[in-house]
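Letters A, B, ... mirror the listed sequences (proteins, then strands); counts begin at 1.
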There are 2 protein chains.
Amino acid sequence: MSLPHAILTALLERPSAGLDLTRRFDRSIGYFWSASHQQIYRELGKLEAEGYIRAIPEDRPSRGQKKSYEVLPAGRAELERWTAAAQDPKPHRDALLLRLRAAAVVGTDGLEADLRRHLDLHRRQLAEYEQIQDRDFPPGKDSAQARLQHLVLRAGIELETFWTQWLTEALEELAELPDS
Amino acid sequence: MSLPHAILTALLERPSAGLDLTRRFDRSIGYFWSASHQQIYRELGKLEAEGYIRAIPEDRPSRGQKKSYEVLPAGRAELERWTAAAQDPKPHRDALLLRLRAAAVVGTDGLEADLRRHLDLHRRQLAEYEQIQDRDFPPGKDSAQARLQHLVLRAGIELETFWTQWLTEALEELAELPDS
DNA sequence: AGTCTCATGTAACTCGTTACATGATTAA
DNA sequence: TTAATCATGTAACGAGTTACATGAGACT
């Protein structure tokens, strides 16, 4: 039950319409909670029905018409409640680690190329995060909000760093293995 | 589409019945691809219908009766195909990072306790992985299979190490922040 | 008038979760 | 013989994905 709270957070940062939200998810919140536009529209409908958000007036409602939403006090209260509530970490699911485990049984043929591709993707993601860091978090900035946002970004940077190192190591291991 | 391949891998390592598999997922493969017994039974049915596995004979089929499965050649071939195929990494979803982002907007009240709890959980998981490492991967072992399995385990160890460090840092940041 | 893009949706499906049901085996 | 446990399932629901549908505005 995290998507509604991701949307509430995004709308508190800035009221937006569905497609705006989708784009912001693609390049910011979506780095750790992705969502498609279909999910977002569905969830906006629910949040409005529950009284957590409302469509900003001034727009006539119709299909192809832009419709912006803002968070109501009940929505902010729900987000505060959710943020403070205890939540168990979800079990991991990582297809790449699963594939290596499968490769230990059926052999590593054909694996190397895709590992290299993943390594490249993680390097690009890391570069993107570092660019955001340089742009949005210069040394001086230290409001409470900026410090927390930077903390989240550093998690992304360190995770991508881990994956690039681990994949490099994995490729070295593969190279040393006898051909299967 | 990874659960069937996780099951094929587990069954190749050792033919098993549904509950056996569930237990093995709980303490081994499930570290990076968890599954409930309901999912596993459903998937075993599908895999059997597709001709990838078969129930080992000698058991009469009935509800409360143990039913073990083994992988057929078509199942191994499918697993080989899947292992070598290119696959895009799935977008991350991490509720804890999302909560920190929300806290940047609505405040950090009540967050600290749950961060401490998560830190403790990650420390325990790390200790468990290290114990497995000491037990199953002593320095001498270096068959191809053992090296790949160890590589996967090291990923788990390094990820848990990252989380314990990051959560420690996050708690330090929280302590320095003015109360909201 | 036609087509392209923006914007908001619907529908159908798969995967995962939660709650419950039922048969077989074992121990008190 | 009753209860606990092992083992295999069913049913209902929710979240996420994929494919498609429809309206509005802008350009040609």
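- In this structure, the NE2 atom of His92(A) is 16 Å from the P atom of dG16(C), given to the nearest Å.
- Closest heavy-atom contact between Ala95(B) and Trp82(A): O-CH2, 4.2 Å.
- To the nearest angstrom, C1' of dG9(C) lies 11 Å from CG of Leu44(A).
- Atom CZ of Arg24(A) is separated from atom P of dA7(C) by 14 Å (rounded to the nearest Å).
- The bend of the helix from dA1(C)-dT28(D) to dA28(C)-dT1(D), defined by the angle between the axes of its first five and last five pairs, stands at 10° to the nearest 10°.
- Put simply, CD on Gln39(A) is 15 Å from P on dT10(C), counting in whole angstrom units.
- In this structure, Leu47(B) atom CG and dC15(C) atom P are separated by 11 Å, rounded to whole Å.
- Salt-bridge annotation for Asp120(A) and Arg116(A): absent, with no side-chain N of the basic residue lying under 4.0 Å from a carboxylate O of the acidic one.
- Note on Ala35(B): nothing from the nucleic acid sits closer than 4.0 angstrom, heavy atoms only.
- Rounded to an integer number of Å, the gap from NE2 of His37(A) to C1' of dT18(D) is 11 Å.
- Using a 4.0 Å heavy-atom criterion, one finds that Lys46(A) contacts the sugar-phosphate atoms exclusively.
- Distance from the side chain of Tyr69(B) is smallest to dG9(D) among dG9(C), dT17(D), dG9(D).
- Note: CD1 (Ile7(A)) to P (dG16(D)) measures 10 Å, nearest angstrom.
- Between Arg154(B) and Glu173(A) there is a salt bridge, with a side-chain nitrogen of the basic residue lying less than 4.0 Å from a carboxylate oxygen of the acidic one.
- Rounded to an integer number of Å, the gap from Gln38(A) CD to dA19(D) C1' is 9 Å.
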Donor-acceptor contacts, no H, no angles, side chain residues 49-57 of chain A, under 3.5 Å, sequence neighbours left out:
unit_1   : atom_1 : unit_2   : atom_2 : d
Arg54(A) : NE     : Glu70(A) : OE2    : 2.6
Arg54(A) : NH2    : Glu70(A) : OE2    : 2.7

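- In this structure, of dG9(C), dT8(D), dG16(C), it is dG16(C) that holds the atom nearest to the side chain of Arg93(A).
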